[in-house]
Amino acid sequence: MEAAGVKVDTYRMGEITARLADRVEELEAKAYELAGEEFMLGSTQQVARVLFEKLALTPGRKGKTGYSTDTRVLRTIRGEHEIVGLLEEWRELTKLVNTYLGPLPTLIGEDGRLHTTFNQAVAATGRLSTSNPNLQAIPIRTELGREIRSAFVAEPGHKLISADYSQIELRILAHVSGEPKLREAFERGEDVHTATATEVLGVEPAKLTKGERSIAKMINFGIVYGISAFGLSENLEIPREQAQQYIDAYLARFPHVQDFIARTIEEATRDGYVTSLLGRRRPVQEIRAQNRQTRSLGERLAVNFVMQGSNADIIKVAMIRIHERLRNEGRSARLVLQVHDELLLEAPDAEVAAVKELVREEMCGAYALDPPLGVDVGAGTDWNEAKD
DNA sequence: TCTGTCACG
DNA sequence: ACGTACGTGACAGAC
């Protein structure tokens, strides 16, 4: 279905685009000079030839067709040659120009708003997806990305309200596993990655380094994704044996999580499907495969579905109730976007305070989780500001 | 049309 | 010995 739409400041986008055009040309010219030839910076084939044959830089992983030139490979060889940094910046800029800054202004409707399509029966987990354009993938992770996000604005006299669930998938894990240490961490309002680091790495919160917290964060991601030693080792760029040690330590420290994983895999193998908190089922035929690799995939899908699928259930309940209450209470505020664990609304200035509270109540109350659901709510004239 | 890459959660 | 972290969509270049 097509949704209400969101306003875009095309002038702001145009300014960013103009600034980037010059920089992209500059990067291309410098790259040609350093390579000693002109080549297509967008061609992975030509980039691989220049980096790994002509300049003899250290190749990393291989794909089906040759050496990979992806972000992670470039990051590891950044120090070997000046051209690598240029290429990284070129990739970031052209991605943002070609996917967002260029296309989005052309898609604005007669009402001056950008309309996406919400797909309700695409994702196997029960998540929504969006397309044409994909407004669930608007940049945020880089400074330039945030600038683009700030071009999504409220109508004059209105604000955008952004409300997102805090660590919802790990809270769901704490709930379904009943793991006391995890539940208590959330109930005390502690940082969950710090809590994981304390248990797995045996480091006191006060002495924790950024690197150690980042390791714990990746372990938590891994648990949600259906962990594997290989996956964790790839992401942390550590030996598989060390990754396995982290996993063993985690499961020993959070034994109820270990039980939850085992129970979920057993049930999915027995039934051929797995069930979310609100009763949605996902078939996982892969879990009964003879092939070990396929079976492992099935196990990860089953475990991940409990968290990702339950998250999808819960936010849908919240959306329905918010929509009902806005209507019943005569508000002109409206929902404009859902981004998996975040809701974006547009409200007249006079309604902002009340709607923020309404949204918080309905998101927190959508499901009685133990630990309870947590929500961060903010408002601003643009999407970036609303998330602060 | 497929592959690699990368934007988001 | 195998080879992967879960879920999506869009774009450029190769085929």
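Bear in mind the structure is a predicted one, so any value in this text is a computation, not a measurement. All chains are named by letter (A, B, ...) in the order of the sequence lines, taking the proteins before the strands, and each is independently numbered beginning at 1. Any value given below was found using the heavy atoms of this structure, including those in side chains, with hydrogens, waters and symmetry copies removed.
Note: CZ (A:Phe305) to P (C:dC6) measures 16 Å, nearest angstrom. Between A:Glu92 atom CD and B:dT5 atom P there is a gap of 17 Å when expressed in whole angstrom units. Rounded to an integer number of Å, the gap from A:Ile315 CD1 to B:dG9 C1' is 10 Å. Going from atom CD of A:Gln338 over to atom P of C:dT8 covers 14 Å, rounded to whole Å. Atom CG of A:Leu74 is separated from atom P of B:dT5 by 9 Å (rounded to the nearest Å). Remark: P of B:dG4 and CE of A:Met40 are 17 Å apart, rounded to the nearest angstrom. Going from atom CG of A:Leu344 over to atom C1' of B:dG9 covers 15 Å, rounded to whole Å. With rounding to whole Å, A:Phe230 atom CZ is found 11 Å from C:dC2 atom P.
The side chain of A:Leu301 sits closest to C:dC6 out of B:dC8, C:dT4, C:dC6. Looking at the side chain of A:Asn304, the nearest of the listed nucleotides C:dG7, C:dA5, C:dA12 is C:dG7. Closest contact between the side chain of A:Thr71 and the listed nucleotides B:dG4, C:dC11, B:dC6 involves B:dC6. Checking C:dA12, C:dT8, C:dA5 against every side-chain atom of A:Asn98, the shortest atom distance belongs to C:dA12. Checking C:dG13, C:dG9, C:dT8 against the side-chain heavy atoms of A:Ser43 singles out C:dG13 as nearest. For A:Leu232, the listed nucleotide lying nearest its side chain is C:dA5; candidates were C:dA5, C:dG9, B:dT5.
Under the 4.0 Å criterion applied to side-chain N and carboxylate O atoms, A:Asp370 and A:Arg183 are assigned as salt-bridge partners. Salt bridge present: A:Glu342 and A:Lys387 bring a charged side-chain N and a carboxylate O closer than 4.0 Å.
Residue A:Gln293 places none of its side-chain N or O atoms closer than 4.0 Å to OP1 or OP2 of C:dA1. OP1 or OP2 of B:dG4 has at least one side-chain nitrogen or oxygen of A:Thr65 nearer than 4.0 Å. For A:Ser228, no side-chain nitrogen or oxygen approaches OP1 or OP2 of C:dT4 to under 4.0 Å. The phosphate of C:dC6 (OP1 or OP2) has a side-chain N or O of A:Arg300 nearer than 4.0 angstrom. For B:dT3, neither phosphate oxygen OP1 nor OP2 lies less than 4.0 angstrom from any side-chain nitrogen or oxygen of A:Thr44. The phosphate of C:dA14 (OP1 or OP2) has a side-chain N or O of A:Gln46 nearer than 4.0 angstrom. The phosphate of B:dG4 has neither OP1 nor OP2 within less than 4.0 Å of any side-chain N or O from A:Thr69. Between A:Arg61 and C:dG3 there is no side-chain polar atom (N or O) within less than 4.0 angstrom of OP1 or OP2.
The residue A:Ser68 sits close only to the backbone: its heavy atoms come under 4.0 Å of sugar-phosphate atoms, none of a base. Within 4.0 Å of A:Ala312, counting heavy atoms only, lies no atom of the nucleic acid at all. Among the atoms of the strands shown, only primed sugar atoms or phosphate atoms (P, OP1, OP2) are found under 4.0 Å from some heavy atom of A:Val122. Residue-level contact check: A:Leu297 touches the backbone only, with heavy atoms under 4.0 Å from sugar-phosphate atoms and none from bases. Within the 4.0 angstrom heavy-atom criterion, only backbone atoms of the sugar-phosphate kind lie near A:Asp341; the bases stay farther away. Across all strands shown, A:Val224 has no heavy atoms under 4.0 Å from either base or sugar-phosphate atoms. Using a 4.0 Å heavy-atom distance criterion, A:Arg282 is classed as a sugar-phosphate-only contact. Within the nucleic acid shown, A:Ser233 has no heavy atom closer than 4.0 Å to any nucleic acid atom. Using a 4.0 Å heavy-atom criterion, one finds that A:Gly222 contacts the bases of the nucleic acid, with or without backbone contacts as well. Counting non-hydrogen atoms under 4.0 angstrom, A:Glu234 reaches nothing in the nucleic acid. Using a 4.0 Å heavy-atom criterion, one finds that A:Asn132 contacts the sugar-phosphate atoms exclusively.
Using N1 to N3 plus N6-O4 or O6-N4 for Watson-Crick, or N1-O2 and O6-N3 for G-U wobble, each under 3.5 Å, B:dA7 pairs with C:dT8. Across every strand in view, C:dA14 sits in a pair with B:dT1 that passes the Watson-Crick or G-U test at under 3.5 angstrom.
Judged by atom type and distance alone, A:Asn134 does not reach the base of C:dA10 through any side-chain donor-acceptor pair under 3.5 Å. Counting distance only, with no hydrogens placed and no angle test, the side-chain atoms of A:Arg91 and the base atoms of B:dT5 include no donor-acceptor pair under 3.5 Å.
Comparing A:His340 and A:Ala229 along DNA chain C, the residue whose closest nucleotide (by nearest heavy atom) sits nearer the 5' end is A:Ala229.
Taking the six-membered ring for Trp and the full ring otherwise, the centers of A:Tyr250 and A:Phe254 sit less than 6.0 Å from each other.
Side-chain polar atoms of A:Ser276 and A:Asp313 form a donor-acceptor pair below 3.5 angstrom. Remark: the A:Thr71 side chain and the A:Glu88 side chain contain no N/O donor-acceptor pair separated by less than 3.5 Å. The closest side-chain donor-acceptor pair between A:Arg91 and A:Thr69 falls under 3.5 angstrom.
Separation of the P atoms belonging to C:dA1 and B:dC6 is 32 Å when rounded to the nearest angstrom. Across the P atoms, C:dT4 and B:dT3 are found 13 Å apart, a figure rounded to whole Å. Spacing of C1' atoms, B:dC2 relative to C:dA5, comes out at 23 Å, to the nearest Å. Rounded to whole Å, the P atom of B:dA7 lies 28 Å from the corresponding atom of C:dG3.
Contacts with DNA chain B (heavy atom under 4.0 Å) in residues 136-143 of chain A: A:Gln136, A:Ala137, A:Ile138, A:Pro139, A:Ile140, A:Arg141, listed by number.
The environment of CZ in A:Arg295 is crowded: more than 12 heavy-atom neighbours from other residues, nucleotides or ligands sit within 6.0 Å. Within a 6.0 Å sphere centred on CD of A:Glu237, heavy atoms belonging to other residues, nucleotides or ligands number more than 12. Annotation: A:Glu15, atom CD; neighbour count of heavy atoms from other residues, nucleotides and ligands within 6.0 Å is above 12.
When each of A:Arg325, A:His323, A:Arg321 is paired with A:Glu362, the side chain to side chain donor-acceptor pair (under 3.5 Å) condition holds for A:Arg325 and for no other.
Judged by the 6.0 Å distance and 45° axis criteria, A:Arg281 is positioned over the aromatic ring of A:Tyr273.
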